[in-house]
Amino acid sequence: MQFTVLPVRGRPVSPMPGHAFLVRDNWDDYGFKTTFQLLCVDPGGAIREIGAVKIGWFGMTAPARTPLPDDFETLDGAFFSLGLRDSYYERLRELGSDLQHTVLRALNDVSFDLDLFSRARTESVTGTSLLRTVSADIVVDRFRGSGIPAGPSAAITEVTRRHLFDALRSTGVSWSGSLDEVTFLRRLYDLDGLKSHDPRFATAEGDIVQHRYNNPEDWEDDWVFGDDRFGLADGADEVLLRFLAEMIHPAVRTDSGEIQRLLALVNDHLAADGYELAEARTVSGYPVYEARRIPAGRRTRTPRSLCHRDALTARPGRLRRGPPRRPR
């Protein structure tokens, strides 16, 4: 689905089926301007007014207005959203389950993805704006008993993840790029809200600093792939896809050759499960990639020779859980 952001009181021009529009709203939640009116074009070409949705991003501080791209297919992992009323979700359901799920995933809806809600809940924008008129209990219970899973089920298999992590290890490229590991992870996770595996520290950040900075030999460079706090080995597809897209974000790395090699490697492995990273927009002239489903007619299986090659060139691919060695 293609989303277009319109100015305050803007209206769609030449709407087509499968198109959606987010109309900005000037409502101010104590310095946060996060509200949009969602319009969806149904299969018959009619514009359906879905309702108000608030969209924030990790690290957002007031005063600020949510800086959405003018056009996109899926918001990246920095953003998260919440419909203001139950009628928002009821009107989405009326469009059919496929379209409903597409919109909820594309806008990173926290009622639909409770893992995302747990990470976004401590953000200032969540408490001040998104939850200003909606209780956390409503968010958690919204889809319970409705037949809609609280978060999409995983389609990226354990086999794909294992081969992908082995291939990434074999490149010798740092997953955090030009950023230190804490800075990179903070772009995707609330490290203060994640527990430490070391009883001496209260949060994941203290854990990482101790065992990657103070004693870098404690954990291997690929530790994050098997750490259950970050959900890359067995979490929701969206968690892994956002991480992979962030690895080639221009804020993380700008070497075009390295980006293209990583992009090709990642897409070779994701293709078997129906995903790819594709260019969505540019930042300062650099492409920004986002995950999307590959149309059914264009899907091809990853060649077995590629997987065998990765397995031969990589170190043995055991997904480690928690800290690899005894804390020091």
Side-chain angles (χ1 to χ4, degrees), residues 1-5 20-22 24 32-38 40 50-60 64-84 88-89 92-93 95 97-131 134 136 138-140 142-143 148-156 185-190 193 230-232 235-247 249 275 277-278 280-281 288-293:
M1 172 173 279
Q2 182 70 29
F3 289 82
T4 296
V5 178
F21 300 87
L22 288 164
R24 290 191 178 276
F32 290 110
K33 292 187 176 183
T34 65
T35 305
F36 298 80
Q37 298 296 323
L38 175 63
C40 291
I50 305 302
V53 57
K54 292 186 176 182
I55 304 175
W57 85 88
F58 288 99
M60 187 176 185
R65 180 190 296 273
T66 304
L68 295 186
D70 292 338
D71 295 279
F72 63 90
E73 291 185 355
T74 303
L75 289 178
D76 68 32
F79 295 94
F80 49 91
S81 74
L82 178 66
L84 267 64
Y88 171 88
Y89 297 94
L92 281 177
R93 187 170 62 247
L95 297 176
S97 61
D98 287 347
L99 195 55
Q100 177 194 31
H101 290 192
T102 296
V103 172
L104 294 174
R105 288 190 180 103
L107 297 184
N108 297 337
D109 187 278
V110 295
S111 285
F112 186 62
D113 186 344
L114 295 182
D115 287 337
L116 177 60
F117 180 52
S118 68
R119 291 188 284 114
R121 190 168 177 176
T122 58
E123 292 289 314
S124 176
V125 66
T126 304
T128 304
S129 182
L130 275 70
L131 293 180
V134 181
I138 288 176
V139 174
V140 172
R142 180 161 272 145
F143 291 135
I148 299 175
S153 59
I156 304 176
L185 291 171
R186 277 201 171 277
R187 294 172 59 84
L188 297 169
Y189 302 92
D190 174 19
F230 301 98
L232 301 179
D237 289 354
E238 282 73 10
V239 173
L240 175 60
L241 293 169
R242 289 175 192 142
F243 185 95
L244 296 172
E246 200 69 17
M247 283 181 58
H249 191 283
Y275 285 111
L277 298 184
R281 62 185 189 280
V288 175
Y289 294 90
E290 295 176 358
R292 68 183 183 189
R293 295 293 289 182

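Throughout, numbering of the chain's residues begins at 1 and tracks the sequence. Both backbone and side-chain heavy atoms feed into the values below; hydrogens, waters and symmetry mates do not.
When all heavy atoms are compared, the tightest approach of A52 to T35 is CB-CG2, 4.3 Å. Contact between L114 and V110 at its shortest, heavy atoms only, is CD2-O, 3.5 Å. When all heavy atoms of F32 and S129 are compared, the closest pair comes out as CB-CB, 4.0 Å. The two residues P67 and F79 have their closest heavy-atom pair at O-CZ, 3.8 Å.
Rounded to the nearest 0.5 angstrom, L92 CG and S97 OG are separated by 12.0 Å. To the nearest 0.5 Å, atoms OH (Y275) and CG (L240) are separated by 9.5 Å. Separating the CG atom in L75 from the CG atom in L22 is a distance of 8.0 Å, to the nearest 0.5 Å.
A side-chain donor-acceptor contact under 3.5 Å links T102 to the backbone of D98. Between the Y189 side chain and the F230 main chain, a donor and an acceptor come within less than 3.5 Å of each other. A distance-only check finds no donor-acceptor pair linking the side chain of T34 to the backbone of G56 [under 3.5 Å]. Y89 places a side-chain N or O within donor-acceptor distance of the main-chain N or O of G83, the cut-off being under 3.5 Å.
Among residues two or more places apart in sequence or in another chain, the salt bridge (charged side-chain N to carboxylate O under 4.0 Å, His left out) test is passed with R187 by E246. In this structure, the side chain to side chain contact (heavy atoms under 4.5 Å, CB included) partners of T74, at least two apart in sequence or on a different chain, are A106, E290. Taking the salt bridge (charged side-chain N to carboxylate O under 4.0 Å, His left out) definition, one finds that R65 meets it with nothing, sequence neighbours left out. The salt bridge (charged side-chain N to carboxylate O under 4.0 Å, His left out) test applied to D76 returns R281, not counting sequence neighbours. Under the side chain to side chain contact (heavy atoms under 4.5 Å, CB included) criterion, A245 pairs with L277, sequence neighbours left out. Applying the side chain to side chain contact (heavy atoms under 4.5 Å, CB included) rule to L99 yields the partners M1, L95; only residues at least two apart in sequence or on another chain are considered.
Using a 4.5 Å heavy-atom threshold, the side chains of R24 and F36 count as touching. Counting heavy atoms from C-beta on, the side chains of I50 and V103 never come closer than 4.5 Å. At a threshold of 4.5 Å between non-hydrogen side-chain atoms, the residues D113 and F80 do not count as touching. For the pair R242/L116, a side-chain contact is recorded, criterion being any heavy-atom separation below 4.5 Å from C-beta on. For the pair V134/K54, no side-chain contact is recorded, criterion being any heavy-atom separation below 4.5 Å from C-beta on. At least one side-chain heavy atom of L82 sits under 4.5 Å from a side-chain heavy atom of L131. At least one side-chain heavy atom of L107 sits less than 4.5 Å from a side-chain heavy atom of F3. Proximity of F58 to L188: side-chain heavy atoms (C-beta onward) are nowhere separated by under 4.5 Å.
Applying side-chain contact (heavy atoms from CB on, under 4.5 Å) to I55 and the options L68, L130, V125 leaves one that passes, L68.
With hydrogens and angles left out, the side-chain atoms of T4 and D71 include a donor and acceptor closer than 3.5 Å.
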